[in-house]
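Below is one structure; the comments refer to it alone.
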Number of protein chains: 4
Amino acid sequence: MSASDWQATRAAATPLSMSPDELARAVGHAMYDSDACSQALGFELAEVRPGYARMRATVRADFLNGHAICHGGLIFTLADSTFAFACNSYNVNTVASGCSIEFLRPVHGGDVLTAEAVEQTLSGRTGIYDIRVTNSAGETVAMFRGKSANIKGHVIPPT
Amino acid sequence: MSASDWQATRAAATPLSMSPDELARAVGHAMYDSDACSQALGFELAEVRPGYARMRATVRADFLNGHAICHGGLIFTLADSTFAFACNSYNVNTVASGCSIEFLRPVHGGDVLTAEAVEQTLSGRTGIYDIRVTNSAGETVAMFRGKSANIKGHVIPPT
Amino acid sequence: MSASDWQATRAAATPLSMSPDELARAVGHAMYDSDACSQALGFELAEVRPGYARMRATVRADFLNGHAICHGGLIFTLADSTFAFACNSYNVNTVASGCSIEFLRPVHGGDVLTAEAVEQTLSGRTGIYDIRVTNSAGETVAMFRGKSANIKGHVIPPT
Amino acid sequence: MSASDWQATRAAATPLSMSPDELARAVGHAMYDSDACSQALGFELAEVRPGYARMRATVRADFLNGHAICHGGLIFTLADSTFAFACNSYNVNTVASGCSIEFLRPVHGGDVLTAEAVEQTLSGRTGIYDIRVTNSAGETVAMFRGKSANIKGHVIPPT
């Protein structure tokens with residue numbers, strides 16, 4: 001997909017009455033309402049803007065693994081949800097094609113994690129988003145990089 | 001850590017009365033019993049041997065994301081748990097330092113996923129494990145690669 | 001691209017007179033002849049089969065970095081070339097969309113490296129290939145994973 | 001290594017007479033002078049500061065692969081060299097433990113590539129650096145993420 005095709009795709013996904021920020025928020029709320037997984041895990045959507053999202057989660061007892069620290073999979077899941085809200089913020093259905101994560105510090109029960117997703121590149125159907133996960137003390141506990149791919153369809157009706 | 005240091009570390013972690021296979025199973029059961037996260041998500045430990053593990057999970061309604069398919073984070077979590085059982089199978093406490101995953105097909109509610117972890121290299125404190133996740137039809141839905149690092153301590157008492 | 005589309009794409013890329021093994025070798029030789037980079041670096045193509053390739057390289061003085069060990073970029077380049085020969089072996093033009101590498105041991109000048117690429121999955125336009133790089137002593141020095149994407153065209157004329 | 005241990009390590013690596021910027025430049029020049037690989041490939045070190053480096057390279061005829069575009073391995077090598085200058089800028093010997101790269105656009109012969117490395121985290125012996133590679137038109141052609149590990153020794157004498 002060329003840059004101009006992406007402009008056309010994005011324009012076709014934007015209701016006439018909404019600004020990009022309003023669209024990102026409307027898409028975020030609609031996605032969150034149907035995201036059974038993020039809800040079941042108690043993830044909160046704190047902010048969403050075009051190409052950007054921020055989420056928060058408390059590390060519950062059922063997030064802990066056999067070493068009595070937070071399961072890396074749930075740190076990944078929080079980052080992956082935040083990635084999803086950022087890369088779907090243009091109302092073009094988008095999924096992850098691949099992700100990598102580096103775990104930098106153990107995370108303990110009761111801590112509150114914040115994940116912040118920032119778009120790094122978006123060209124054609126493919127984007128790269130970086131998600132930094134921090135603990136209550138503001139220390140980085142994990143760095144996540146996700147590669148997105150647009151698929152057919154819209155999160156909310158475009159008209 | 002040199003190869004001979006690793007042999008010494010591993011020997012010190014092995015109760016005299018157990019074969020490597022018995023140790024791997026004993027460690028697996030002990031870890032699973034204290035792994036609140038894998039239990040809460042309904043992951044089953046199907047098999048564990050030295051450097052190897054296999055787990056199974058049914059995709060529940062609360063695994064689905066805002067696109068009504070299985071959240072990539074939970075596919076990752078299943079693979080990451082399987083990785084943990086494989087890399088801790090020598091009874092030397094081991095954690096993930098980094099992981100990558102490629103998502104190859106969407107996964108739907110009700111499907112049963114199998115994750116199989118195979119050790120690729122183990123030298124000194126660092127190992128690489130590959131985990132393939134397949135659906136009920138035997139199709140590969142994700143490929144995960146994890147890098148492990150030994151830390152202090154044992155999963156079960158070594159003597 | 002569905003599995004049956006891929007069968008059709010692959011059939012259209014195969015001259016009638018050639019077996020899959022013959023095609024892989026013919027493609028490999030044609031690609032190698034026009035691969036100025038692999039030639040300039042002295043990489044040898046030792047074997048190519050459908051979905052598989054093996055290459056060899058001697059670590060020259062101009063492969064060394066500021067720590068007097070082999071530059072990781074050239075270990076990557078050897079693995080990436082081997083990946084390219086494996087994923088183009090069906091005569092459907094294919095490029096890397098992303099790769100990761102783990103460096104496990106330092107490599108010294110004069111050593112002879114072998115890289116072996118094995119196809120892990122191939123579905124539709126996308127494949128995953130794992131490349132293990134070993135030194136003369138048979139020790140694994142790096143593990144590379146590449147994700148491939150088919151593009152238009154063929155390496156050699158399909159008819 | 002704790003944060004205070006890292007402060008001590010870093011202090012011990014810094015000659016009394018140099019500011020952090022001067023040290024980064026001195027280390028960069030010393031490393032470049034002994035980096036046979038970066039020199040042989042014509043990579044230029046454009047800038048180095050603590051935790052930061054920028055390099056430039058012209059895509060030569062011997063950088064092209066069998067598809068007549070720049071070999072991904074050489075794009076990786078440029079990014080990896082830039083990463084090395086950034087993560088060694090404190091004069092503590094540091095190597096890459098693992099890297100990932102996403103290729104976003106083909107690169108043609110004669111183009112001039114710029115790679116810019118920015119430190120994302122540094123805690124204890126381990127750091128994460130992101131390297132963006134752009135072409136002459138300012139388009140991002142690849143995104144690289146490297147994980148660094150400190151080893152023993154210094155690039156230049158610390159006293």
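Per chain, numbering begins at 1; letters A, B, ... match sequence-line order.
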For residues 151-159 of chain C, please give each side-chain donor-acceptor pair under 3.5 Å, one per line with the distance, not counting sequence neighbours.
residue	atom	partner	partner atom	Å
His154(C)	ND1	Asn91(C)	O	3.0

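Atom SG of Cys37(C) and atom CG of Leu64(D) lie 8.0 Å apart (nearest 0.5 Å). Between His71(D) atom NE2 and Phe43(C) atom CZ the span is 6.5 Å, to the nearest 0.5 Å. How far CG of Asp80(D) is from CZ of Phe76(C): 9.5 Å, rounded to the nearest 0.5 Å.
Residue with the most contacts toward chain D among Val95(C), Asp62(C), Leu74(C): Asp62(C) (heavy-atom pairs, distance under 4.5 Å). Contact tally against chain C (heavy-atom pairs below 4.5 Å) for Gly98(D), Cys99(D), Ser34(D), Ala40(D): the top residue is Cys99(D). Between chain D and the residues Pro106(C), Ser81(C), Ala79(C), Ala30(C), the most heavy-atom pairs under 4.5 angstrom are made by Ser81(C). Among Leu104(C), Ile75(C), Leu78(C), Asn93(C), the residue with the largest count of heavy-atom pairs under 4.5 Å with chain D is Asn93(C). For the set Glu102(C), Lys147(C), Arg145(C), the count of heavy-atom pairs under 4.5 angstrom toward chain D peaks at Glu102(C).
Contact annotation for Asp33(D): neither backbone nor side-chain heavy atoms come within less than 4.5 Å of a heavy atom of chain C. Contact of Ala61(D) with chain C is made through the backbone alone, with heavy-atom distances under 4.5 Å.
Scanning for side chain to side chain contact (heavy atoms under 4.5 Å, CB included) contacts around Glu22(D) gives Met18(D), Ser19(D), Arg25(D), with sequence neighbours left out.
The backbone N or O of Gly73(C) sits less than 3.5 Å from a side-chain atom of Thr77(D), completing a donor-acceptor pair.
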| field | Met31(C) vs Asn65(D), side-chain contact (heavy atoms from CB on, under 4.5 Å): CA-CA, chis, key distance, verdict | value | CA-CA 8 Å; Met31(C) 271 186 70; Asn65(D) 66 14; over 6 Å; no
